[in-house]
Structure formats: structure tokens, C-alpha cells
Amino acid sequence: MIGAKTIDEYLENMQALLAQAPHFKLAVQRQIQHRLLPGVMGVKAELEPALWRLLLFCLDGQSQIVELTEETRQQAHESVEKSENYQQNQPASYPEAAKQTWQILHALNAHGSYPPRKT
């Protein structure tokens, strides 16, 4: 199970790595897609803030603090759809990982937990 703490640790480590070795961008995208996100599990209150930070990292290539509101959520969704960074003025750093992260965030918002509980 991958929770918020693991996501936060991952972001911290990747930022340090990319500061020294920016040529690992493709490896970072694949790692997010195939190792980190498939193991995500938990409830909205715990996961949403960490996934929001991960989404912004995927869009911009660095962590930033942006409050999660309906307006910022909509802007991020538009960025994901266009494969652009959060400000929508450059290509997204990790567009495929951003799409996958957005899908999990969307499901988490709709169901309150991820993966959604079976009824």
C-alpha cells in the first residue's frame, strides 16, 4: 500500500535527484506511472493533499504550494487535458504521469477512497 507519506517522500527524493541529474526525466515518469501510482490506496482526507502535490510536480517538474480549490482543480484539469504545465504556458514535465494522477484524484474525489470500494 502506498499512502500520503510515501508519496511525499518520493517527491522530496525525486526533486533532489533531478536537481543533480535532470536527464532522468523519462525514468521518473515511468516510475510514477508503473511503481508509485498502482500501489496508491487510502481515503480522501489522507491521499488528496499528497496526490495534489504529485500532480503539480508532474505538470511543472517541481513541487509547489498551490491551495486545492475548485478553481485550482479546474485549472489543473485543463493543464492535464492540454499536456501543459500548471500555468499553461509550457509543455507538462510528465504528461502521462499527470493524466494517471488526475484519474486517481478524480476517482478519489468521487468515491472518498481509492481504489473505490466495491458495492
Side-chain angles (χ1 to χ4, degrees):
M1 179 178 110
I2 294 176
K5 182 178 179 188
T6 303
I7 294 169
D8 287 338
E9 288 171 350
Y10 177 83
L11 286 171
E12 184 178 317
N13 290 331
M14 280 304 104
Q15 288 182 103
L17 172 69
L18 290 170
Q20 297 175 15
H23 57 280
F24 284 117
K25 287 185 78 161
L26 181 60
V28 170
Q29 177 157 278
R30 296 293 187 254
Q31 192 175 46
I32 292 169
Q33 288 180 275
H34 301 290
R35 302 296 275 166
L36 186 66
L37 291 177
V40 168
M41 184 181 297
V43 296
K44 181 178 177 180
E46 176 192 323
L47 285 177
E48 188 175 50
L51 286 170
W52 176 246
R53 288 187 295 276
L54 179 63
L55 178 62
L56 294 173
F57 173 79
C58 290
L59 292 172
D60 289 358
Q62 60 186 355
S63 285
Q64 57 180 326
I65 298 173
V66 176
E67 185 180 350
L68 179 57
T69 65
E70 264 316 302
E71 184 179 315
T72 58
R73 181 186 298 273
Q74 182 60 35
Q75 183 174 345
H77 182 237
E78 290 172 13
S79 296
V80 169
E81 291 294 313
K82 295 176 183 177
S83 295
E84 293 180 340
N85 68 349
Y86 183 72
Q87 288 78 26
Q88 300 178 355
N89 59 4
Q90 294 180 1
S93 294
Y94 311 105
E96 296 304 315
K99 287 178 186 175
Q100 194 171 343
T101 303
W102 174 258
Q103 290 170 347
I104 293 172
L105 264 172
H106 183 69
L108 186 65
N109 193 45
H111 301 285
S113 65
Y114 191 85
R117 292 187 178 106
K118 296 179 181 178
T119 57

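The structure presented is a predicted model; accordingly, all values stated were derived computationally and were not measured. Residues: numbered from 1 along the sequence shown.
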Student: Quick one: CG on Leu11 to OG on Ser63, what's the gap to the nearest 0.5 Å?
Tutor: 4.5 Å
Student: Which heavy-atom pair separates Leu59 from Glu84 by the least distance, and what is that distance?
Tutor: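 Minimum heavy-atom contact is CD2-O, 3.4 Å.
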Student: Calculate, to the nearest 0.5 Å, the distance between atoms CG and CD belonging to Leu105 and Glu48 respectively.
Tutor: 6.5 Å
Student: Judged by atom type as modelled, is there a donor-acceptor pair below 3.5 Å linking the side chain of Ser83 to the main-chain atoms of Pro95?
Tutor: no
Student: Judged by atom type as modelled, is there a donor-acceptor pair below 3.5 Å linking the side chain of Trp52 to the main-chain atoms of Val66?
Tutor: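 Side chain of Trp52 to backbone of Val66: a pair is present.
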Student: How far apart are the closest heavy atoms of Arg73 and Leu68, and which atoms are they?
Tutor: NH2-CD2, 3.7 Å
Student: So, Gln100 side chain and Leu37 main chain: donor-acceptor pair closer than 3.5 Å or not?
Tutor: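 Side chain of Gln100 to backbone of Leu37: no pair is present.
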Student: Determine whether Leu108 and Val40 satisfy the following criterion, side chain to side chain contact (heavy atoms under 4.5 Å, CB included), listing intermediate values before the conclusion.
Tutor: CA-CA 11 Å; Leu108 186 65; Val40 168; over 6 Å; no
Student: For residues His111 and Arg117, determine if any side-chain heavy atom of one lies less than 4.5 Å from a side-chain heavy atom of the other.
Tutor: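 No, side chains not in contact.
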Student: Please name the pair of heavy atoms, one in Asn85 and one in Ser79, separated by the smallest distance, quoted to 0.1 Å.
Tutor: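 That would be O-OG, 3.1 Å.
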Student: State, to 0.1 Å, how close Gly42 and Leu47 come at their nearest heavy-atom pair, and which atoms those are.
Tutor: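 Minimum heavy-atom separation between Gly42 and Leu47: N-CD1, 3.3 Å.
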Student: Would you give the length of the straight line joining atom NZ of Lys82 to atom CD of Gln88, rounded to the nearest 0.5 angstrom?
Tutor: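 Result: 4.5 Å between the selected atoms.
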Student: Hey, any chance Tyr10 and Leu17 share a hydrophobic cluster, counting ILVMFWY side chains that come within less than 4.5 Å of each other, even indirectly?
Tutor: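 Tyr10 and Leu17: one cluster.
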Student: Check the pair Lys99 / Cys58 against side chain to side chain contact (heavy atoms under 4.5 Å, CB included), numbers first and verdict last.
Tutor: CA-CA 9 Å; Lys99 287 178 186 175; Cys58 290; over 6 Å; no
Student: For the pair Gln75 (side chain) and Tyr86 (backbone), establish whether a donor and an acceptor sit closer than 3.5 Å, ignoring hydrogens and angles.
Tutor: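 Between the backbone of Tyr86 and the side chain of Gln75 there is a qualifying donor-acceptor contact (under 3.5 Å).
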Student: With a sphere of 6.0 Å drawn around CD of Glu12, does it hold more than 12 non-hydrogen atoms of other residues, nucleotides or ligands?
Tutor: no
Student: How long is the gap from CZ on Phe24 to CG on Leu18, to the nearest 0.5 Å?
Tutor: 9.0 Å
Student: Measure the spacing between CG of Leu56 and CD1 of Ile65 and express it to the nearest 0.5 Å.
Tutor: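 The CD1 atom of Ile65 is 10.5 Å from CG of Leu56, to the nearest 0.5 Å.
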Student: For Ile32 and Phe57, what are the C-alpha separation, side-chain angles and deciding distance, and is it a side chain to side chain contact (heavy atoms under 4.5 Å, CB included)?
Tutor: CA-CA 11 Å; Ile32 292 169; Phe57 173 79; 4.1 Å; yes
Student: More than 12 non-hydrogen atoms from neighbouring residues, nucleotides or ligands closer than 6.0 Å to CD on Gln87, yes or no?
Tutor: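 Count over threshold, so yes.
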Student: On a heavy-atom basis, which atom in Ser93 and which in Asp60 lie closest, and how many Å separate them?
Tutor: OG-C, 3.2 Å
Student: Looking only at heavy atoms, which two atoms of Lys44 and Asn109 are closest? And how far apart?
Tutor: NZ-OD1, 2.7 Å
Student: Answer yes or no on whether Lys25 is positioned over the face of Tyr94, meaning its NZ or CZ is under 6.0 Å from the six-membered ring centre and within 45° of the axis.
Tutor: yes
Student: Do Gln74 and Glu78 meet the criterion of a side-chain donor-acceptor pair at a distance under 3.5 Å?
Tutor: yes
Student: Under the side chain to side chain contact (heavy atoms under 4.5 Å, CB included) rule, what do Thr72 and Glu67 come out as? Steps first, then yes or no, please.
Tutor: CA-CA 7 Å; Thr72 58; Glu67 185 180 350; 5.7 Å; no
Student: Hey, could you give me the OG1/CD1 distance between Thr101 and Ile7, rounded to the nearest 0.5 Å?
Tutor: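 The CD1 atom of Ile7 is 8.0 Å from OG1 of Thr101, to the nearest 0.5 Å.
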Student: Does His106, at its NE2 atom, have more than 12 non-hydrogen atoms belonging to other residues, nucleotides or ligands within less than 6.0 Å?
Tutor: no
